[in-house]
Amino acid sequence: MKVKINRNAAKVLKSMLEKEENQGKMVRVFVTSQHGDHVHYDITFDTPTENDVVVHTDKDIDVLLEKDNDWLDGVWIQYFYVPRAGFIVSNPSKGN
């Protein structure tokens, strides 16, 4: 499985992972809802389970993905400051 993270997202995620409440946790990307041929994603901080795969990224951030969910393979985590600050999680390989 693959995960891409842009520079802005890496900077923000590393800062969030340093917070006390996230110590020992990793970034988790998950599907919140599915509508036919597309899905919606979200991010949280969590610990791995036996149903997860840990994906190592080129930004030195490990990401947890549910191993049997094909919608997660190839997700792209981006963070933008304009027009308003926030994360966008998409999967270009799935048309999302």
Side-chain angles (χ1 to χ4, degrees):
M1 295 188 107
K2 296 180 182 177
V3 175
K4 287 177 62 176
I5 301 175
N6 76 358
R7 269 186 279 164
N8 291 340
K11 181 179 174 184
V12 172
L13 287 170
K14 284 179 181 180
S15 174
M16 294 171 85
L17 285 165
E18 291 174 358
K19 292 183 177 182
E20 186 175 334
E21 65 266 21
N22 295 325
Q23 292 297 308
K25 295 183 180 180
M26 292 183 233
V27 175
R28 176 183 295 280
V29 176
F30 61 99
V31 173
T32 59
S33 61
Q34 182 174 349
H35 306 281
D37 64 348
H38 75 279
V39 298
H40 298 268
Y41 300 97
D42 204 352
I43 298 172
T44 191
F45 299 97
D46 202 358
T47 54
T49 70
E50 66 276 353
N51 297 324
D52 295 326
V53 61
V54 177
V55 178
H56 307 288
T57 68
D58 64 342
K59 302 294 191 281
D60 294 324
I61 296 175
D62 293 335
V63 178
L64 297 172
L65 302 176
E66 184 182 358
K67 63 175 110 175
D68 294 328
N69 191 331
D70 289 336
W71 289 103
L72 296 172
D73 188 18
V75 293
W76 190 8
I77 304 169
Q78 300 174 85
Y79 190 90
F80 296 101
Y81 293 98
V82 177
R84 64 178 178 218
F87 287 100
I88 294 178
V89 181
S90 62
N91 192 333
S93 69
K94 305 291 186 202
N96 284 301

* Asked: Can any side-chain N or O of Q23 pair as donor or acceptor with the backbone N or O of E18 at less than 3.5 Å?
  ->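 Yes, because the side chain of Q23 sits within donor-acceptor range (under 3.5 Å) of the backbone of E18.
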Residue pair [X] / [Y]: nearest heavy atoms and the distance that separates them:
X   : Y   : result
G74 : S93 : CA-OG, 4.3 Å
N91 : W71 : ND2-O, 2.7 Å
V39 : Q34 : CG1-CG, 3.5 Å

Nearest 0.5 angstrom please: [X] [atom1] to [Y] [atom2], how far?
X   : Y   : atom1 : atom2 : answer
M16 : I61 : CE    : CD1   : 11.0 Å
T44 : N22 : OG1   : CG    : 8.0 Å
I77 : N6  : CD1   : CG    : 9.0 Å

* Below 4.5 Å, heavy atoms only, C-beta onward: do Y41 and V31 meet side chain to side chain? ->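 Heavy-atom side-chain distance check passes, below 4.5 Å.
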* If we only count heavy atoms from C-beta on, is the L64 to V54 side-chain gap below 4.5 Å? ->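 With C-beta onward as the side chain, the pair touches.
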* Does T49 have any side chain to side chain donor-acceptor pair (under 3.5 Å) partners at least two apart in sequence or in another chain, and if so, which? ->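 D52.
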Is there a path of hydrophobic side-chain contacts, each under 4.5 Å between heavy atoms, that joins [X] and [Y]?
X   : Y   : value
Y81 : I88 : no
M26 : V55 : no
V53 : V63 : yes

* Asked: Which pairs, with at least one residue in residues 42-69 and sequence neighbours excluded, count as a ring-ring contact (aromatic ring centres under 6.0 Å, His included)?
  ->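 ring-ring contact (aromatic ring centres under 6.0 Å, His included) check on residues 42-69 returns no pairs.
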* Asked: For residues 2-36, which residue pairs qualify under ring-ring contact (aromatic ring centres under 6.0 Å, His included), counting only residues two or more places apart or in two chains?
  ->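 Found H35-H38, H35-H40.
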* Asked: Can you list every salt bridge (Lys or Arg N to Asp or Glu O under 4.0 Å) pair that touches residues 64-87, not counting sequence neighbours?
  ->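 Checked against salt bridge (Lys or Arg N to Asp or Glu O under 4.0 Å) - neighbours excluded - no pair reaches residues 64-87.
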Check residues 8-15 and write down every donor-acceptor pair under 3.5 Å in which the side-chain atom is one partner and the other belongs to a residue at least two apart or another chain.
unit_1, atom_1, unit_2, atom_2, d
N8, ND2, Y79, O, 3.3
K14, NZ, K59, O, 3.1

* Residue list, salt bridge (Lys or Arg N to Asp or Glu O under 4.0 Å) with D46, at least two apart or on another chain ->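 Per chain and number, D46 pairs via salt bridge (Lys or Arg N to Asp or Glu O under 4.0 Å) with R28.
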